[in-house]
Amino acid sequence: MTDSAVESAYALLERAVVHYRGQPVGTVAALDQKDLAAENYLDCFVRDFVPAALVYLNDGKADIVRNFLDVVHDIRGAGPPLPGYERHPGVMPASFRVMRADGEEDRLVPDFGELAIGRVAPVDSMKWWVILLGAYVRATGDTEFAQRESIQCTIEQILHLCVRDTFEVFPTLLVPDGSFMIDRRLGVYGHPLEIQALFYGTLCAAEQLLAADDRSKRLIETVTKRKQALEAYVRKYYWLDRATLNAIRQFHTEEFGADSQNILNIYPESIPDWVDDWLPEQGGYFVGNLGPGRMDFRFFSLGNLLAVLFGLATDKQAQCLFDLYAEHWNELIGETPLKICHPPLEGEHWRLLTGCDPKNPPWSYHNGGSWPALLWAFTGAAVKIGRREAAERAFDLAAKRLVADQWPEYYDGRRGGEVGQRANLNQIWSASALILSKQILSTNQAPLTAMQNPNQGKP
Ligand code: GLC
C-alpha cells in the first residue's frame, strides 16, 4: 500500500513539471481536473513547490530547484502594481506561469497577489525562497550560486524589507490578512505565527548565506540580534499551556511602565470558552497570533510545526506540542492528516472575519479543513524530536486515503473525513508531501533543521 501510494505520487509529480525555455523550473499546483477551483492552479506556486523541491534535493535532482530559485529571483519585484507606485525589489510572487505562444519565446507571468482571488501580497514567498536557497546550498555544496552578486543583493533586499526600522514595538513582523498559506481573509492579520516562524527560518538561513565580508558584517549582526529577540519573544509570549493560561487569567491589565507583566495588555475576558476545556494538563502550543490587546487563541498547525523544525520552539515546547497532538488526535489528525487550524470561525465571527467567504465555512478549506500538504512538516517535526510513532501513524492514514481519493487538495469535516467540497483533485503538494514524508521516515532525517546552531531549540 505505502509503496504503491508513493509510486503514484511520483507519477503525478512527474506530470506536473513546468518547463521554461526547455528547462524544468517548478510544478503546477494541480493537474488534470476539468474544473479546477480557479485558473491559477495551473501556476507554479512558490510555497507549493517547497515540498517538491525538498524531494528533488533528496533524490539528487537539484537542477530543477536551482532553476526555480533563479526564475523566482529574476521575476521578483516585477511590474508596478499601480502607475507611479513601484514594487519593492525584494518582493517575490505567490506564483508564476509560463506563457507559450507559437513561434515566440516562453514568457514568465508572475502574480504578486493582484490576480489571485484573495488579492493579498504573499509575504511568505520571499521567506520560503531564502529558506529553500539555504537547503539547496547545503544539499549540493553549490556556494558559488548563493555568492553571486545578484543573489547576495536579493537576500539583502529581503532582509531590509523585514528587519528595517518600522513602526513596530515588538520583534515580530506585521502583515496583512491572508499573506501566507491561508491566502484569504480569516482574521489572520497582524502577527500570525506562521509568518513569525518563517521569518525566524529566514533569519537563520540568511546568517549562513550572507558572505562574511565587510559589506555584510553589519547586516549579519542586525540579523542575529533580531533572531535572538524574536526567539525569546515567541517562546515567552506566544506559548500557551495550563501554567501560562492561569497566568493570563490572573493578569493585571492597563499597567503602565516598564515593569508591566502583561506587556501586550491582554484582557483575561478575551480568553474564549473553548480554551479551558481543550487545553490538556500535558501539552501546549504557540497561539495563532499576538499583538497589542489581542491574543488569537486558535491553534494553527503549520506555524507550530515550522517552529519545531526551525528550532524556534524549545525542546520542551516541541514535546508539549506533540503531547497536544496525542491528546487531540481525532480532532487534529482525524481521518486524513492534518487540520490546518482549530477551532473554526463560526457564526458572527465567520461573518465578520472572513467577510462571509463561502469557500471558508466552518470545518472546510482554511477554516478548520484538513490539508495533506501539511504532512511533511508534521513528519519532519515528529522525527526531529523522537516522536516517530506519531509520524508513522499519520503517514499510514494519508497513504490509505490520498491515492483512493485522487490526491485532494483538502478535506472537510470535524475529523477530515470527506473530500473538500471545492477541493481540486491531483493537487501536487498533497503528493509531494507524501513522498517527502516517506523520505523523512526512511532516512530518519528532518528537513530544514541543519541551519540551526547546535544549541538552538534547548532547553
Ligand atoms: C490555495 C491555498 C494556497 C496554495 C494555493 C495553490 O490558494 O490557500 O496556500 O498555495 O491554493 O495550491
Side-chain angles (χ1 to χ4, degrees), residues 9 12-13 16 18 26-33 35-53 68 72 92-97 110-129 131-132 175-189 192-195 197-198 300-303 305-306 338-341 344-345 354-355 357-361 364-377 402 406-412 419-434:
L12 182 59
L13 184 62
V18 174
T27 47
V28 293
L31 254 186
D32 272 359
Q33 203 189 2
D35 291 319
L36 285 175
E39 206 198 316
N40 66 345
Y41 281 104
L42 292 172
D43 284 16
C44 173
F45 280 73
V46 171
R47 69 177 76 85
D48 293 39
F49 185 64
V50 171
F68 168 85
V72 175
M92 296 198 158
S95 67
F96 64 86
R97 183 176 300 200
D111 178 15
F112 290 86
E114 291 106 349
L115 309 176
I117 291 161
R119 299 288 195 282
V120 251
V123 181
D124 63 342
S125 286
M126 65 185 91
K127 301 189 167 49
W128 278 123
W129 184 85
I131 292 166
L132 188 58
V175 297
D177 211 346
S179 55
F180 49 103
M181 177 182 177
I182 296 176
D183 57 2
R184 297 159 78 113
R185 284 186 57 193
L186 199 74
V188 287
Y189 57 89
L193 176 66
E194 182 175 324
I195 287 287
L198 285 169
F300 288 84
S301 280
L302 188 54
L305 296 169
L306 292 180
L338 50 135
K339 232 359 130 211
I340 192 167
C341 67
L345 297 171
T354 71
D357 185 350
K359 196 167 177 182
N360 265 329
S364 183
Y365 200 49
H366 301 140
N367 191 16
S370 298
W371 289 67
L374 298 172
L375 185 69
W376 73 270
L402 293 182
Q406 297 178 54
W407 308 102
E409 178 187 18
Y410 65 96
Y411 287 83
D412 285 347
V419 172
Q421 217 177 11
R422 293 170 64 177
N424 296 316
L425 300 183
N426 290 328
Q427 185 80 19
I428 307 309
W429 64 348
S430 299
S432 45
L434 190 89

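The residues of the chain are indexed from 1 along the displayed sequence. What you see is a predicted model; the values in this text were computed from it and never measured. Start at 1 and go down the list; that is how both ligands and their atoms are numbered.
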Atoms in ligand 1 flagged as close to [X], the criterion being non-hydrogen separation under 4.0 Å:
{"X": "His366", "answer": "2 (C), 8 (O)"}
{"X": "Met181", "answer": "2 (C), 3 (C), 8 (O), 9 (O)"}
{"X": "Trp429", "answer": "4 (C), 9 (O)"}

Using a 4.0 Å heavy-atom cut-off, which part of Arg184 comes near ligand 1: side chain, backbone, both, or neither?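 Within the 4.0 Å criterion, Arg184 makes no contact with ligand 1.
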Would you mind checking which non-hydrogen protein atom is closest to [atom], with the distance to 0.1 Å?
{"atom": "atom 4 (C) of ligand 1", "result": "Asp48 OD1, 3.4 Å"}
{"atom": "atom 1 (C) of ligand 1", "result": "Tyr365 OH, 3.3 Å"}
{"atom": "atom 7 (O) of ligand 1", "result": "Asp183 OD2, 2.7 Å"}
{"atom": "atom 5 (C) of ligand 1", "result": "Phe45 CE2, 3.9 Å"}

Taking the ring of Trp371 and the ring of Tyr365, is the distance between their centroids below 6.0 Å?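 Distance test on ring centres: under 6.0 Å, yes.
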Val28 pairs by side chain to side chain contact (heavy atoms under 4.5 Å, CB included) with which of Asn426, Val18, Asn40?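 The side chain to side chain contact (heavy atoms under 4.5 Å, CB included) with Val28 is passed solely by Val18 among Asn426, Val18, Asn40.
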Ring pair (Phe, Tyr, Trp, His ring centres under 6.0 Å) involving Phe112 - partner list, sequence neighbours excluded: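 Ring pair (Phe, Tyr, Trp, His ring centres under 6.0 Å) list for Phe112, sorted by chain: empty.
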Geometry only, no angles: is Gln427 polar-contacting ligand 1 at N/O separations under 3.5 Å?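 Yes - when backbone and side-chain N and O of Gln427 are compared with those of ligand 1, one distance drops under 3.5 Å.
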